[in-house]
Amino acid sequence: MSSPKGSQAQKTRLPSFTRKVPLEVPSPTEKDWSKDDEEDYVFKDPDEELDSLPQPYRMINKLVNLLFDRSWEVIEERDALRKSELSRIRPTVYPPVVESKLNKMPNCMAISQDYVFIGGARGFSIHSLFNAKQIYVWEKLKVDVTSICATDLGSEILIAPVDEIGIVRLFYLYKDGLCLIKAINEVEDTSKQSTCLKMEISQGGDFAAFFLQGAGDIWLDVYKLPKESWLKEVEHPQLSINPKKKVRQLQLNTLDAMTSDNLEMDISFRGDVKLSLPVHIMKIKPPKPVTGTTFKSPLEVFAKIEDCYGLGSGQNHFIRESQWEQQAAVFNASYKKYLDGEWEEEPLSMATFHFLPPGCITATPVDVKSPSGVAYVLGVHWTGSHNFFLYLLNRTLKDKVDPEGVWPCAAPIAVSQLSCSSSYLVLACEDGVLTLWDLAEGFPLGVVALPEGCICQSIHFLKYFLVHEGRNVFPEGPVKSQMKCVVLCTDASLHLVAAQGSEAPTISVLIERPVNHLDEAVCAVAPVPALPGMVLIFSRDGHVHLMDVAKPHIICAFAPPRPYHLAVPWKPMFVVSFHHPCFLLRGDHPDEIKSTDDAKNIQNSLFYFNFEAYPLLENISRNCSIPQSALTANMGFPHELPLEKRCESFLQNRLQKLETSKEKQQDHWIRLRRYSVLLQRENLKR
């Protein structure tokens, strides 16, 4: 006999209706009843009802369910990633042509003419660009070289390495001789030692600027380089007259005993040659903060501005200190809740500077004659400043340092870049607006804005190219008022900006901001001057791709012959040759160095990639130019014609249209004449 409890459990459970909302007293009249009364009830199956678990089992149940949900999300994400990887078209990966073994880790590289300059421990070395053979080594420092710059002077090369202390030295390489010119900021008193944070050498090597920091101050030193005197002094060397300086120089630059491998060097150090020192012509300090005026009348303000120098910098104004204080009080009261938090320390004010050639934008004084192609103006902008200052270089250190021109911008200038030909300048502001300047013609090519939320990180000019019959080509001959550049933003998105004459500039997205795969974000970009419309894309995961920006699509990839442990975040060290179709990439393995006691035994590799050695790029590199005659015959490129040809073509088309209209008018008059004759005949018959 079954128990009453068991028999009750075996009873059939009927479905039940459960009301969603609490019970209410219905209205006495039926018309006031809710029409959606049936929706307030939910059908529930008694077999599906779960009893509430007591604690702590209820909490354990929730954690287990959460664990299963998250695990399933990870499984779905990995499955989607696997499917996307399988469906993705893998580009062809090319290995390096040459691998150069180095005993020390290279810190920096530079290419000039047919030489590669590698900075490392205690100095720098010179290698051949074609066979990676080491030609010469200069190692007389107690610290490492952190950056190096090499400028082509024609038949000579100017080398400027900077060590860890921040001392910059100038070397002069002529044929088979290397000479030390001067250590720019080296002093005997270490307490007065300044540090070089940035440097820039003008195209052609006529001027050099060094951004220095020391004793709590920052400034910009500008030098004129006597390169004509250097050439004469090297060809006709003279020993130093001062014996003290001679002994010190020989002690500083005497080479250590060379190994058997280094005895075959083609370059030798010439410590007996004394070269003329660079001439210090200008010292520029950051602009003073704008404060209340000390002028009593507006006439004093205008009297302060001589020949419009400094006009637009905001330094000479008639706003009193009390007005500044009132404005600051209103601002603090309006944004008090945002200002009460912790303030971050303001970053060091850095200077970005470029040597600009003489052109239509900067008026050249009558009494100054500047050779063609020689830098004449220094353009400078400081961190957080709206102004781009212009300084003439035809001055001495005794002259007053005031900017001859000021270009004010609507927002602080974040990035600026000068093209390799020094013909175009791009100013990128913090609000994402880019201003494109044609320095040769003297007018802005246009203003373009990046997509919302994008902030410019770097700008890279491309050698101007065209798409002719489906392939990228360089037009032969001079190109005027036409430029293209790629812009890398802080969110790892890449954009192509193009400007042409009076037409509005265009902007297009090459690479979108990564959302799911952050390791594929772009960390560096480098144009390839030897290949039209090609740029190297360096990703955070260590991949190097070659992109055609005209399509845009990935053409191929480059990789070392074996994998390397990359630093996080990866900062690739590479250099692209401007005159040769190749680039160099350092093989990184910081994890191995940290885990090895003897880091000197680790072989450091430098990989040489030659574009002409790969089948996909061989034809692009060799057939990358098109003559001007082909562009003239092709009406698809009317903007490539010279101005005279364009005017002639316009007049010819206009004359043809006029002649055609005249012929149509004559035909019309003839028809009218015939019709009138026919009418007269009909009238006579009647």
Side-chain angles (χ1 to χ4, degrees), residues 108-111 147 149 197-200 211 347-348 350-355 379-385 388 409 411-437 445 447-464 483-499 505 507-514 518 520-529 533-540 542-547 549 552 569-578 583 585-586:
C108 51
M109 292 186 296
I111 291 181
S147 66
C149 175
L197 303 178
K198 191 184 297 185
M199 66 177 174
E200 189 77 24
F211 182 60
L348 177 67
M350 296 290 293
T352 305
F353 40 94
H354 309 281
F355 288 98
V380 185
H381 69 86
W382 300 83
T383 303
S385 176
F388 188 75
C409 298
I413 303 174
V415 181
S416 63
Q417 186 62 44
L418 183 69
S419 64
C420 297
S421 61
S422 301
S423 300
Y424 306 100
L425 176 69
V426 176
L427 299 179
C429 296
E430 294 181 358
D431 58 356
V433 176
L434 279 67
T435 306
L436 318 176
W437 285 93
L445 289 173
V447 178
V448 65
L450 295 171
E452 187 177 357
C454 295
I455 301 176
C456 177
Q457 177 179 335
S458 60
I459 302 171
H460 309 271
F461 276 93
L462 301 174
K463 187 177 179 181
Y464 189 77
M483 55 81 67
K484 293 182 180 181
C485 65
V486 291
V487 180
L488 178 62
C489 297
T490 54
D491 61 353
S493 62
L494 191 65
H495 307 266
L496 174 64
V497 178
I507 183 170
S508 58
V509 180
L510 300 178
I511 299 178
E512 295 281 355
R513 178 178 64 89
L518 298 180
E520 298 181 359
V522 180
C523 61
V525 178
V528 182
M534 306 292 175
V535 295
L536 289 172
I537 307 295
F538 297 84
S539 304
R540 293 179 183 175
H543 289 91
V544 182
H545 296 94
L546 182 68
M547 170 180 277
V549 300
W570 183 47
K571 296 181 180 180
M573 198 193 80
F574 63 92
V575 60
V576 182
S577 176
F578 189 79
F583 78 98
L585 177 65
R586 183 187 70 180

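One-based numbering along the sequence shown.
Heavy atoms only, all atoms of each residue included: E200 and F353 are closest at CB-CE1, 3.2 Å. Shown here for E520 and S539, the closest heavy-atom pair between the two residues is O-OG, 3.8 Å. A pairwise comparison of heavy atoms in L546 and M534 identifies CD1-CB, 3.8 Å as the closest pair. P529 and S577 get closest at one heavy-atom pair: CD-O, 3.9 Å. Closest heavy-atom contact between D491 and R513: O-CG, 3.2 Å.
Residues satisfying the side-chain contact (heavy atoms from CB on, under 4.5 Å) test with V522, not counting sequence neighbours, are L488, I511, V525, I537. Residues meeting the salt bridge (charged side-chain N to carboxylate O under 4.0 Å, His left out) test with E512, sequence neighbours left out: none. For I455, the side-chain contact (heavy atoms from CB on, under 4.5 Å) partners at least two apart in sequence or on another chain are T490. Residues meeting the side-chain contact (heavy atoms from CB on, under 4.5 Å) test with A498, sequence neighbours left out: K484, T506. In this structure, F578 has no ring pair (Phe, Tyr, Trp, His ring centres under 6.0 Å) partners at least two apart in sequence or on a different chain. Applying the side chain to side chain donor-acceptor pair (under 3.5 Å) criterion to H545, with sequence neighbours excluded, gives no partner residue. F461 is linked by a ring pair (Phe, Tyr, Trp, His ring centres under 6.0 Å) to nothing, counting only residues two or more places apart in sequence or in another chain. With sequence neighbours excluded, the residues forming a side chain to side chain donor-acceptor pair (under 3.5 Å) with W570 are D588, listed by chain and number. Here K571 pairs with nothing under the side-chain contact (heavy atoms from CB on, under 4.5 Å) rule; sequence neighbours left out. Remark: S147 engages no residue in a side chain to side chain donor-acceptor pair (under 3.5 Å) (not counting sequence neighbours). Under the rule for a ring pair (Phe, Tyr, Trp, His ring centres under 6.0 Å), Y424 has no partner lying at least two apart in sequence or in another chain. In terms of the side chain to side chain donor-acceptor pair (under 3.5 Å) criterion, R540 has no residue partners (sequence neighbours excluded).
With values rounded to the nearest 0.5 angstrom, L494 atom CG is found 8.0 Å from H460 atom NE2. Atom NZ of K198 is separated from atom CE of M350 by 4.5 Å, given to the nearest 0.5 angstrom. Here the CE atom belonging to M483 is positioned 7.5 Å from the OG atom belonging to S419, to the nearest 0.5 angstrom. I111 contributes atom CD1, which lies 11.0 Å from atom CZ of F574 (distance to the nearest 0.5 angstrom).
Taking the side chain as every heavy atom from C-beta outward, L450 and C456 approach each other to under 4.5 Å. Between Q417 and C485 the shortest side-chain heavy-atom distance does not fall below 4.5 Å. K463 places none of its side-chain heavy atoms less than 4.5 Å from the side chain of P527. Between P552 and L496 there is no side-chain heavy-atom pair separated by less than 4.5 Å. With a 4.5 Å cut-off on side-chain heavy atoms, L585 and F538 count as touching. When side chains are defined from C-beta on, W437 counts as touching L427, because their heavy atoms get closer than 4.5 Å. Side chains of P412 and E430 form a contact here, defined as non-hydrogen atoms less than 4.5 Å apart. For the pair H381 and S416, the minimum side-chain heavy-atom distance is below 4.5 Å.
Note: W382 and F211 have perpendicular aromatic rings, judged against thresholds of 30 and 60 degrees for the angle between ring planes.
The only member of I507, V447, V487, V415 that meets side-chain contact (heavy atoms from CB on, under 4.5 Å) when paired with L434 is V487.
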